[in-house]
Amino acid sequence: MNVTHLECALCGLRHEANTLQNLCITCGKPLLVRYDLEKAAETLTPESLKTRESDLWRYREVLPVVDEANIVSLGEGMTPLFKTDRLAATLPIKVDLYIKDEGQNPTQSFKARGMTAAISMAKELGVTKLAVPSAGNAAGALAAYAVLAGMEANIFMPADTPRANIVECQQTGANVTLIDGLITDCGKIVAERKDEMGWFDVSTLKEPYRVEGKKTMGYELYEQFRDMRHETEGKSDEDSVSRLSSPVSRLLPDVILYPTGGGTGLIGMWKAFDEMEQMGWIGSERPRMVSVQSETCAPIVRAFHAGERFADEFENASTVASGLRVPKCIGDFLILDAIRASNGTAVTVTDAELTAAVAEIGALTGIFTAPEGAACLPALRKLIADGLVNEGDSVVIFNTGSGIKYLEAFEDQ
Ligand SMILES: *Cc1c(COP(=O)(O)O)cnc(C)c1O
């Protein structure tokens, strides 16, 4: 157990580890977990990972939880990274294109990563009742992990949440309340009622541990790129020479496209890269982080191009990509800081573009992507058109969930 303390992501105030906390007690911003990374690096080495279990708890030195008996797991993480040459061939320039398929997580989305960490810590800290506002997949994951931990799950979702998300929560024993409004309205209800009801609020970034689970995507990219690097190094001289002369970075991809709602995964991966550098795994190089949002709910894209550090609430937010329907998020400055520090950018696509991309990706890769993940493909085409992704770049698009949860989105097709 290497956690030293929690730290406010904005003002830096130090908070005790191992007590139940939501936000910074002075400025109300997210708390991030800090570790003794020197100690972690003694046993967590790239070499040591080769023989570990194939879920995200393989990185346990840089995850919270003191007593391993408190870990609540359904086998999340270590999702495949597919190199997809057929999809890449539809692009106007040659890039190495990869899809990280998070739809293969338990409950069919990467929300499982955050919830395994958050619910394990809630168990360790004695929580019995949980509450969450959710645009969909967070609810399904919370319901599953709460059952496993023997806790009560209270879920507030917009009434127009994809039906699969509502049904899965009901079928896994959660208390589900549908709200005529957006996820931000659901969040207000949780905030109002939680003290009286004795609920612990597991809204993303309003508790410190979901981001810890999601950061493991950054560690996995490092491991998976390393393995592919070794494969290509083992091939003929000619092949490795052409590889070495290409500008593809050796340790991490050049570009990461991330469909952004609350931004937890992007913030988490950025934190993971920082930890890996401190442990001596990588240098100061970073992938260019690209936030992808829907044109009809794009607070981060708007703030990025306006040069703002915080993002105003996006009015009348709507999009079929329900995970992206987050008009205001508490980690806005962390997303925007990471995009800028990485020399990345933020881009919108339309709902028509992202829905069409589901079928295009499906027909070329066999992956039935969530509309959120599919949004990365039209976004990539825009980046190429604008000269922001170049010939020879290695590009990872995150398919953050499975299309199977969004059948309504394909009804008129
Ligand atoms: C929650 C969700 C997102 C957004 O994730 P954040 O890390 O909160 O930005 C994207 N896609 C899907 C499928 C989701 O469920």
Side-chain angles (χ1 to χ4, degrees), residues 30 76 79 99-115 117-118 132-144 157-158 161-162 164-165 168-169 183-184 186-187 202-207 210-218 256-272 289-294 297-301 311 317 319-332 334-336 338-339 346 349 354-355 357-358 361 367-376 379 397-406 409:
E76 51 296 313
T79 55
I99 299 183
K100 179 84 168 144
D101 189 12
E102 292 292 303
Q104 295 198 27
N105 277 298
T107 69
Q108 297 78 50
S109 88
F110 70 167
K111 292 295 192 300
R113 291 180 186 269
M115 288 303 175
V132 78
S134 169
N137 287 318
L142 177 75
M157 289 193 277
T161 296
N165 293 126
E168 69 180 330
C169 293
I183 185 170
T184 36
C186 299
V202 277
S203 303
T204 197
L205 291 168
K206 291 187 183 168
E207 64 78 59
R210 280 174 64 177
V211 68
E212 292 302 295
K214 272 196 175 174
K215 84 178 176 190
T216 57
M217 294 188 291
I256 292 176
L257 279 86
Y258 186 82
T260 306
T264 318
L266 190 150
I267 294 165
M269 284 191 278
W270 193 248
K271 183 173 188 281
M289 307 298 281
V290 179
S291 222
V292 179
Q293 296 195 304
S294 163
C297 182
I300 297 298
V301 180
T319 164
V320 294
S322 47
L324 307 186
R325 212 190 295 153
V326 183
K328 169 92 189 144
C329 65
I330 191 162
D332 50 1
L334 293 171
I335 305 169
L336 289 159
I339 294 173
V349 301
L354 64 86
T355 309
V358 174
I361 296 172
I367 304 171
F368 182 18
T369 60
E372 293 87 343
C376 295
I397 66 184
F398 268 88
N399 175 39
T400 44
S402 167
I404 208 82
K405 298 271 182 88
Y406 301 80

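First listed ligand is number 1; within each ligand, the first listed atom is number 1. We use all heavy atoms of the structure for the numbers below, so side chains are in, but hydrogens, waters and symmetry mates are not.
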Present, as a list of atom pairs with distances to 0.1 Å, all nitrogen or oxygen contacts under 3.5 Å between ligand 1 and the protein.
unit_1, atom_1, unit_2, atom_2, d
ligand 1, 7 (O), Lys214, NZ, 2.9
ligand 1, 7 (O), Tyr258, OH, 2.4
ligand 1, 7 (O), Thr264, N, 3.0
ligand 1, 7 (O), Gly265, N, 3.1
ligand 1, 8 (O), Gly262, N, 3.0
ligand 1, 8 (O), Gly263, N, 3.4
ligand 1, 9 (O), Gly261, N, 2.7
ligand 1, 9 (O), Gly262, N, 3.2
ligand 1, 9 (O), Gly263, N, 2.6
ligand 1, 11 (N), Thr400, OG1, 2.7
ligand 1, 15 (O), Lys111, NZ, 2.8
ligand 1, 15 (O), Asn137, ND2, 2.9

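In this structure, Tyr406 and Val320 have side chains that are not in contact, with every pair of non-hydrogen atoms separated by 4.5 Å or more. Side-chain atoms of Glu372 and Phe110, non-hydrogen and from C-beta on, never get closer than 4.5 Å to each other.
Residues satisfying the salt bridge (Lys or Arg N to Asp or Glu O under 4.0 Å) criterion with Glu102, sequence neighbours excluded, are Arg113. With sequence neighbours left out, Lys214 forms a salt bridge (Lys or Arg N to Asp or Glu O under 4.0 Å) with no residue at all. By the salt bridge (Lys or Arg N to Asp or Glu O under 4.0 Å) test, Lys328 pairs with Asp332, sequence neighbours left out.
The two residues Ala272 and Lys215 have their closest heavy-atom pair at CB-O, 3.4 Å.
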